[in-house]
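Indexing begins at 1, ligand by ligand and atom by atom, following the structure's order. Everything numeric here is computed off the predicted structure, so don't read it as measured data.
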Amino acid sequence: MQGKTILLIVGGGIAAFKSLELVRELRRAGVRVTPVLTENGARFVTPLSLGALAEAPVRTSLWDLEAEASMGHIQLSRSADLIVVCPATADLMARAATGQADDLASTLLLATDTPVLMVPAMNVRMWEHPATVRNIATLRRDGIDVMEPDVGEMACGEFGPGRLPQVPAIMAAIDLALDDFDFAERPGPNRWLAGKTAIVTAGPTHEAIDPVRFLGNRSSGKQGFAIAAALAHHGVDVRLIAGPVDLPTPHGVKRTDVVSAADMAAAVAERLPADIAVMVAAVADWRVEKAPGKLKKSAAGPPLLQLVENPDILATTGHSTQRPRLVIGFAAETGDLLDNAAAKLARKGADWIVANDVSHGIFGADDTHVHLVTAKGSEDWGPSSKDTVAHRLALRIADVFCPDKERPDPDAD
Ligand code: C5P
């Protein structure tokens with residue numbers, strides 16, 4: 001994103017102060033930031049701090065004659081590679097959805113032909129209100145990229161979706177959005193893989209021991225969800241089969257929730273044929289015969305759990321008569337990473353294996369370090385966020401399906 005220009009609209013919400021951290025990160029990444037502060041935004045951050053961090057004058061009013069003399073609002077709205085609204089309040093989104101233009105921010109949003117990324121933050125009730133849901137659907141239909149907010153405790157003490165996403169997640173979304181701008185000559189925005197279908201598995205599986213206990217693992221589902229989001233972003237019709245995870249459904253993705261490996265296997269089989277399969281789920285290798293009632297402690301000692309092997313969903317898909325053209329597996333290893341991954345390629349009938357060393361706490365984390373293993377050899381992708389891995393993988397997939405397109409070097413930062 002180095003050398004790009006972002007017009008940053010800071011709305012009026014308690015999360016506005018985090019926009020300062022975003023500005024710092026953007027500047028660090030070599031991005032020029034043109035800050036716009038709404039009247040309510042100025043109640044949470046001062047133009048002085050925003051301007052100092054952005055190293056640029058802050059625009060606050062449509063009637064700022066000095067700014068009008070140098071650059072009119074129409075020109076200002078088109079002067080950037082991307083407009084980012086952070087935080088995007090319920091009010092600002094409602095006004096953008098209905099095309100109002102009664103202050104500088106809303107006028108810029110109406111006048112622009114530049115891609116727009118909105119980063120919402122608001123109280124959970126406001127986020128879930130049918131009016132907001134409707135407005136967001138309208139904005140997305142209009143081609144505006146609206147991020148999903150984080151789930152957690154709010155400044156007001158309530159719990160749920162509505163928190164501003166973490167700054168690294170916003171940076172990754174900006175990175176993706178800037179890619180679109182670069183390659184606007186593609187057939188429609190975000191559409192390199194339009195018409196292609198993908199099955200993505202994500203998260204852990206839970207294997208019931210009895211009605212209240214299960215065998216599971218620490219997979220968070222973050223990597224699989226990020227891949228589903230990145231593929232959808234490039235126009236893929238994504239069917240995401242998710243184990244038990246606490247993550248919002250990425251925009252434009254069709255999600256099916258499952259619990260056990262057997263459920264996941266059945267859900268995948270039902271969704272074949274597809275062009276692409278990305279099996280990211282940490283599927284339990286074994287299940288137990290589920291006891292009909294809750295197992296009790298007894299003088300006879302602890303129960304013996306007889307493990308039964310689960311179906312290997314990746315191998316079944318990789319060797320299926322309906323095999324997708326591109327089958328990608330993941331390998332979480334704690335040793336002999338590349339050898340194990342290379343062996344898995346043939347055994348599972350996969351084209352690529354994304355291998356990561358999970359001995360250092362990758363499970364559940366936002367960051368990772370993967371190697372892409374193919375029949376040609378392996379590439380070290382270095383330490384990066386899971387969003388970045390998803391982004392790079394989606395670009396590599398696009399290479400397979402539309403190799404002639406003039407697209408960015410996926411390995412260039
Ligand atoms: O053999 P291992 O579990 O290391 O292989 C990991 C890869 O295989 C992942 O892509 C995972 O989603 C997939 N897998 C599967 N079904 C299983 C076990 C693993 O699809 N039962």
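Between Ile313 and ligand 1, at least one N/O pair is under 3.5 Å apart. For the pair Ala331 and ligand 1, the shortest N or O to N or O distance does not fall below 3.5 Å. Looking at ligand 1, you'll find an N or O of Lys344 within less than 3.5 Å of one of its N or O atoms. For the pair Ala282 and ligand 1, the shortest N or O to N or O distance does not fall below 3.5 Å.
The closest approach between a heavy atom of Lys348 and any atom of ligand 1 is below 4.0 Å. Note on ligand 1: Ala281 sits in its first shell, one or more heavy atoms being nearer than 4.0 Å. Look at Pro311 and you'll find a heavy atom under 4.0 Å from some atom of ligand 1.
Within 6.0 Å of atom CD in Glu289, 12 or fewer heavy atoms from other residues, nucleotides or ligands are found, so the atom counts as exposed in its surroundings.
Inspection of the Thr132 and Asn135 side chains reveals no N or O donor paired with an N or O acceptor under 3.5 Å. Between the side chains of Thr205 and Glu207, at least one donor-acceptor pair of N or O atoms lies under 3.5 Å.
Put simply, the side chain of Gln223 gets close to the backbone of Lys386: a donor and an acceptor are under 3.5 Å apart. Under the 3.5 Å distance criterion, the side-chain polar atoms of Arg323 are left unmatched by any main-chain donor or acceptor of Thr317. In this structure, the side chain of Thr316 engages the main chain of Asp312 through a donor-acceptor pair within 3.5 Å.
Regarding atom 10 (O) of ligand 1, its nearest protein heavy-atom neighbour is Met279 O, 2.6 Å. Counting protein heavy atoms only, atom 14 (N) of ligand 1 is closest to Asp312 OD1, 3.8 Å. Protein heavy atom in closest approach to atom 7 (C) of ligand 1: Phe330 O, 2.8 Å. Distance from atom 20 (O) of ligand 1 to its nearest protein heavy atom, with residue and atom name: Leu314 N, 2.7 Å.
The atoms of ligand 1 that sit less than 4.0 Å from any heavy atom of Gly329 are 10 (O). For ligand 1, the atoms closer than 4.0 angstrom to any heavy atom of Asp285 are 3 (O), 18 (C).
The CG atom of Leu231 sits 12.5 Å away from atom NZ of Lys196, with the distance rounded to the nearest 0.5 Å.
Inter-residue side-chain proximity for Ile313 and Met279 is flagged as met; some heavy-atom pair is nearer than 4.5 Å. Side-chain contact between Phe17 and Leu164 is absent, with no heavy-atom pair separated by less than 4.5 Å.
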